[in-house]
Structure formats: C-alpha cells, structure tokens
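Down below is the structure, laid out as structure tokens.
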Amino acid sequence: MVEEKDAELILETLRPLYGEGVYPGRSDRMERPEWMDGPFQVLLATVLSQRTRDENTRMAADRLFSRFPGPADLNGADVKEIESLIRNAGFPVQKAKAIKDIARIVVEEHSGDLPSDMDVLLSLPMVGRKTANCVRAYAFGIPAICVDTHVHRISNLIGLVDSKDPDGTEDQLMKVVPEHYWKDINALLVRHGQVICQPRRPRCAECPISNHCDHGSLADRK
DNA sequence: AAAACGGGGGC
DNA sequence: GCCCCAGTTTT
C-alpha cells in the first residue's frame with residue numbers, strides 16, 4: 001500500500017495535464033452553462049452522463065433544461081417529450097422515466113429542494129454511489145470520492161488501493177488520499193483513463209505516472 | 001454473478 | 001458491422 005505522499009505526488013503530476021473542474025456534462029473545454037446552477041440540475045446531468053460521452057451529456061442536458069428549467073417544470077412534463085429531448089444520451093427511455101420520478105419526489109417530498117443526505121439520494125431512481133457522490137462533492141461541497149470504472153481501474157493499477165469492487169476502492173481511497181483531493185481525484189483519473197490509460201490500449205509510453213504502475217500487465221483488470 | 005438497458009462514436 | 005462507453009437495476 002502506498003503512503004499519502006505518493007497519492008499526493010501522483011495527483012499533482014496529473015493536475016497540470018488535465019486541469020480542474022472537469023465534471024459530468026461540464027468538460028473543461030466547454031463554457032459553463034447557465035442551467036448548471038443547483039444540486040437538482042447537477043444530479044440530472046450526472047444521471048444523463050451514465051454510460052454516455054461528455055459531449056452527448058452536454059447536448060441532452062442543454063435541451064432538457066432549456067425546455068424544463070426546474071423540478072416543478074419536469075414534474076408536469078410529458079415523459080415522452082423528456083425522452084425525445086435526451087434521446088442522444090444512453091438509455092433515454094430509462095433515464096426519462098427516472099428524471100420525471102426524481103422531479104416528482106423532489107417537489108412532493110422535499111419542497112422542491114434536493115437534499116444532500118446520502119440515504120435520500122440513494123433512494124432515487126438511477127442514483128447509485130457514484131452519482132450520489134458526484135452530487136455531494138460537486139453541488140454541495142461535501143467531501144466525497146466518485147468511483148466510476150476509470151477511477152476503480154486506475155486506482156488499482158497504480159497501487160493506490162487493492163479492491164475488486166468500487167465500494168472497497170472508495171473506502172480505501174478515503175484512507176490513502178488526503179481529503180483535500182477527494183473532489184478532484186475523479187476528474188483527474190477519468191481524464192487520464194480517456195486520454196492515456198485507456199482500458200484496452202493504455203499509452204504507457206506517454207504516461208507520466210507509469211513508474212507507479214504495472215504497465216500493461218494489469219490493463220484488463222476490473 | 002450476469003444480463004439488460006441503448007444511442008452514438010471509433011475503427 | 002462490431003465493440004465500447006463519466007452505471008444502475010433486475011434476474
């Protein structure tokens with residue numbers, strides 16, 4: 001197991017490459033949209049981002065919030081119209097239904113304001129640990145680590161953690177990574193996973209942290 | 001543990 | 001055409 005200093009060194013090596021503020025639906029190469037102004041909108045954009053490339057997430061969220069800006073608007077919306085607005089995102093049927101249900105719950109049970117409680121977030125449709133932690137970290141400023149497939153794979157590859165499941169990876173990361181980095185680690189490792197440490201073909205020759213890594217030998221590990 | 005959901009992009 | 005993708009839910 002690595003020491004805290006190693007985790008800090010790795011993250012500071014990646015930061016200048018990928019920058020900060022790379023969140024679901026909000027690539028650092030794009031302007032921050034006006035609609036991205038609250039926890040509710042961050043939650044829906046994060047749901048839209050599931051198994052969907054960032055550009056498509058952004059387009060879907062842009063259309064959705066232009067037509068239905070808030071929870072009350074979506075609560076009264078036609079599911080089929082929501083579905084057509086987000087059609088270029090993955091799982092549009094499933095997500096359209098979930099979005100309308102989330103809007104109804106927020107309006108009817110939480111006075112139109114999305115709570116930050118983990119239990120409440122996890123009870124919403126299509127909201128698992130990754131999505132809930134994104135909302136807590138990005139929208140509420142609560143220290144949390146979002147573990148998706150990139151974070152899980154790369155954290156194990158470079159020996160930050162040793163876990164077969166994302167929950168274990170999250171627990172171990174919280175122990176080995178200083179809290180100051182929790183909000184950034186997801187964006188940095190996701191970006192690294194997209195650009196350099198790709199699941200199928202890792203560009204180890206171009207990787208600035210290959211000295212911390214088993215190189216390609218564990219590249220297919222899940 | 002594995003399948004299903006699903007349109008879009010890369011090759 | 002085929003494979004993969006900023007996961008979650010259901011079998």
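Below, chains carry the letters A, B, ... as their sequence lines are ordered, and counting in each starts from 1.
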*Pairs flagged by salt bridge (charged side-chain N to carboxylate O under 4.0 Å, His left out) wherever residues 66-81 of chain A is involved - sequence neighbours left out*: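 Sorted pair list: A/R67-A/E81, A/K80-A/E83.
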For the backbone of A/V147 and the side chain of A/K130, can you confirm whether one donor and one acceptor N or O come within less than 3.5 Å of each other?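 Flag not set: sc A/K130 to bb A/V147 has no pair under 3.5 Å.
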Subject >> Donor-acceptor contact below 3.5 Å, side chain A/T52 vs main chain A/Q50 >> reply: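 Such a contact is found between A/T52 side chain and A/Q50 backbone.
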Measure the shortest side-chain to side-chain distance between A/I99 and A/F68 over non-hydrogen atoms and say whether it is less than 4.5 angstrom.
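A/I99 does not reach A/F68 side chain to side chain.
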Does any non-hydrogen side-chain atom of A/N186 lie less than 4.5 Å from one of A/I145?
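When only atoms from C-beta onward are counted, A/N186 and A/I145 do not touch, as no gap falls below 4.5 Å.
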Atom pairs, protein N/O to nucleotides 8-11 of chain B N/O, distance under 3.5 Å:
from	atom 1	to	atom 2	distance (Å)
B/dG8	N2	A/R53	NH1	3.0

> What stems, by residue range, does DNA chain C take part in, given at least 3 consecutive Watson-Crick or G-U pairs under 3.5 Å?
Replying inline: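 Counting only runs of 3 or more consecutive pairs, the stems involving DNA chain C are B:1-5 with C:7-11, B:7-11 with C:1-5.
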Which part of the nucleic acid does [X] contact within heavy-atom distance under 4.0 Å: base, sugar-phosphate only, or nothing?
| X | value |
| --- | --- |
| A/G90 | base |
| A/L124 | sugar-phosphate |
| A/P125 | sugar-phosphate |
| A/V47 | nothing |

(Q) For the P atoms, the ones on B/dG9 and on C/dT8, what distance do you get once it is rounded to whole angstrom? (A)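 Approximately 23 Å lies between the P atom of B/dG9 and that of C/dT8.
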Taking the same atom, C1', in C/dA6 and in B/dA2, what whole-Å distance lies between them?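 Looking at atom C1' only, C/dA6 and B/dA2 are 22 Å apart.
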Quiz prompt | Those residues that, when tested against A/D113, pass side chain to side chain donor-acceptor pair (under 3.5 Å) (two or more places apart) | solution =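 For A/D113 there are no side chain to side chain donor-acceptor pair (under 3.5 Å) partners, ignoring immediate neighbours.
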Restricting to side chain to side chain donor-acceptor pair (under 3.5 Å), what partner residues turn up for A/Q194, sequence neighbours left out?
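Only A/R191 meet the side chain to side chain donor-acceptor pair (under 3.5 Å) criterion with A/Q194.
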| Cationic N near anionic O, under 4.0 Å, A/D171 to A/K175 |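 Between A/K175 and A/D171 there is no salt bridge, as every charged N stays at least 4.0 Å from the carboxylate O atoms.
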Problem set entry | Contacting residues from residues 93-105 of chain A, given that a heavy atom lies under 4.0 angstrom of DNA chain B |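 Going residue by residue through residues 93-105 of chain A, the ones with a heavy atom under 4.0 Å of DNA chain B turn out to be A/V93, A/Q94.
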- Given C/dT8, is OP1 or OP2 found less than 4.0 Å from the side-chain N or O atoms of A/T131?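 Yes.
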Less than 4.0 angstrom between a side-chain N/O of A/T57 and OP1 or OP2 of C/dA6, yes or no?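 Indeed not, no polar side-chain atom of A/T57 lies that close.
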